[in-house]
Number of protein chains: 2
Amino acid sequence: MKKLKKTNPIRVMLVDDHPAYRKGMAALIESETDLTVVAETGDGRDALQVYRAKKPDVVLMDLRLPGLGGVEATLAIRKEFPDARVIVLTTFDTDEDIFRAIQSGAKSYLLKDTPDDELATAIRGVHAGKQILSEKLSRRLAERQQRPELTQREMDVLQMLIKGRSNREIGTALFLCEDTVKAHFKTLFAKLKVQDRTEAAISAIRHGIVHLD
Amino acid sequence: MKKLKKTNPIRVMLVDDHPAYRKGMAALIESETDLTVVAETGDGRDALQVYRAKKPDVVLMDLRLPGLGGVEATLAIRKEFPDARVIVLTTFDTDEDIFRAIQSGAKSYLLKDTPDDELATAIRGVHAGKQILSEKLSRRLAERQQRPELTQREMDVLQMLIKGRSNREIGTALFLCEDTVKAHFKTLFAKLKVQDRTEAAISAIRHGIVHLD
DNA sequence: CTGTCATTTACCCGTTCGGGTAAATCAGCA
DNA sequence: TGCTGATTTACCCGAACGGGTAAATGACAG
């Protein structure tokens, strides 16, 4: 994959809150002759400013960040720079995470245990304007896309469910009568393809629809 | 924290499946004059052999590893080398993870976003024979310790619960009558301090008692 | 303006769940 | 051997849940 003609290297920006990981990633990228790191930050809130200042060719973005999440940071960057090429690089891989990342405009989604050479290939591919998604993650994305969207109310109810609330309690909290809550659960069960509330809770957590933190 | 007298550096071994993270961590450690990396592996199964070969002073051990988990790897090492000083360094921090790590003989438990200097301090402290636990994680550990132990059967039932099974289904699967399952849930609810099965499921996941994978 | 969809509430009914109580068996420990 | 704790089962009862059906409102798009 080495370029025969000497060209300007692809300028990469790293967004990850683990200093050690940034350091390792930087070393890894610099070890490729056609890649170089021009910017780093560990905080999602700084990502846009840093992008503005450095105008990198490709951004490697973690999802779980202090301050602003990776998805929000990506959205912010792409709002101002619609051509920004962002690769999400993370340890988490729920359907929702992948979906939201791609929705937010990320061109690729890689797991942190991706082999070095694949990462380099992905950076080059994304820089060239391609969409790079592994077999496995494409499948995940497809699965997520065929799942019906949840409405706001359904999300609210799900959120309360994760807090361990009963139908009555959920009703009180959301200013609804119990029957309404039950109605929402009915459609929720159908959409998530589950039989009861416990399965719904687990499914929601597993797919990343809700978070425990 | 620099040593005034030149001494042999503390020899560190890294066990983590992310190559980039290992690289960054190694760079970070080498940047300290009194620390050096003498061994690395990304697979828990290799950890013992590598330890045997290199006899490091301190091991930095990730928990989620391919092959053998970090806890099991730590146990294996400490069985043969009871004086082995292991620091668990991971992104996950459920009560159970912390508890099991310390149980397995780890001398410290650090999160991967621990600042560089704290990590170095921890390595030195553990090498000197100390037990290094942050305020926050000590509290977590204490919480876990005051939670009553779950019996094998209770774990079985909990496991089935996470699969979304009903009492009847759990009974069938475990060759028990439904009443027995209900009895186990009763004690389970009391031990986990929850009101119903959904809360139990969430609590178990949150505390790391069961895993979704 | 009309159809679609989210949202809300209502009622009925059978099933499941959670709590209380009781008791038998078995293993390990004092 | 007698006590403790895990495990098992049983019965009762009220509360919570899940499914079916129906319908009204409001918003938004065609």
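Quick note: numbers below take in every heavy atom, side chains included, and nothing from hydrogens, waters or symmetry partners. Chain letters run A, B, ... following the sequence lines, proteins first and then strands; every chain starts at 1.
Looking at heavy-atom distances under 4.0 Å, B:Ser166 makes contact with sugar-phosphate atoms alone, never a base. Base engagement by B:Thr180 is indicated by at least one non-hydrogen atom pair under 4.0 Å involving a base atom. Within 4.0 Å (heavy atoms only), B:Phe185 reaches no atom of the nucleic acid at all. Backbone-only engagement by A:Gln195 is indicated by non-hydrogen atom pairs under 4.0 Å involving sugar-phosphate atoms exclusively.
The distance from atom CD of B:Glu154 to atom P of D:dT7 is 7 Å, rounded to the nearest whole Å. Computed from coordinates, the A:Ile170 CD1 to D:dC17 P distance equals 8 Å when rounded to whole Å. As a whole-Å value, the separation of A:Lys186 NZ from D:dG19 P is 8 Å. The distance from atom NE2 of B:His184 to atom C1' of D:dT8 is 7 Å, rounded to the nearest whole Å. Per the geometry, CE belonging to B:Met155 stands 17 Å off C1' belonging to D:dT7, to the nearest Å.
Comparing B:Glu149 and B:Lys182, the nucleotide of DNA chain D nearest to each residue sits closer to the 5' end for B:Glu149. Nearest-nucleotide mapping onto DNA chain D: of A:Ala183 and B:Ala183, the residue sitting toward the 5' end is B:Ala183.
An end-to-end axis angle of 40° holds for the helix from C:dC1-D:dG30 to C:dA30-D:dT1, taken from five base pairs per end and rounded to 10°.
Remark: A:Pro82 engages no residue in a side-chain contact (heavy atoms from CB on, under 4.5 Å) (not counting sequence neighbours).
Extent of DNA chain C lying under 4.0 Å from chain B heavy atoms, first and last nucleotide in 5' to 3' order, is C:dT16 to C:dT21.
Among the nucleotides D:dG19, D:dT7, D:dC17, the one closest to the side chain of A:Asn167 is D:dC17.
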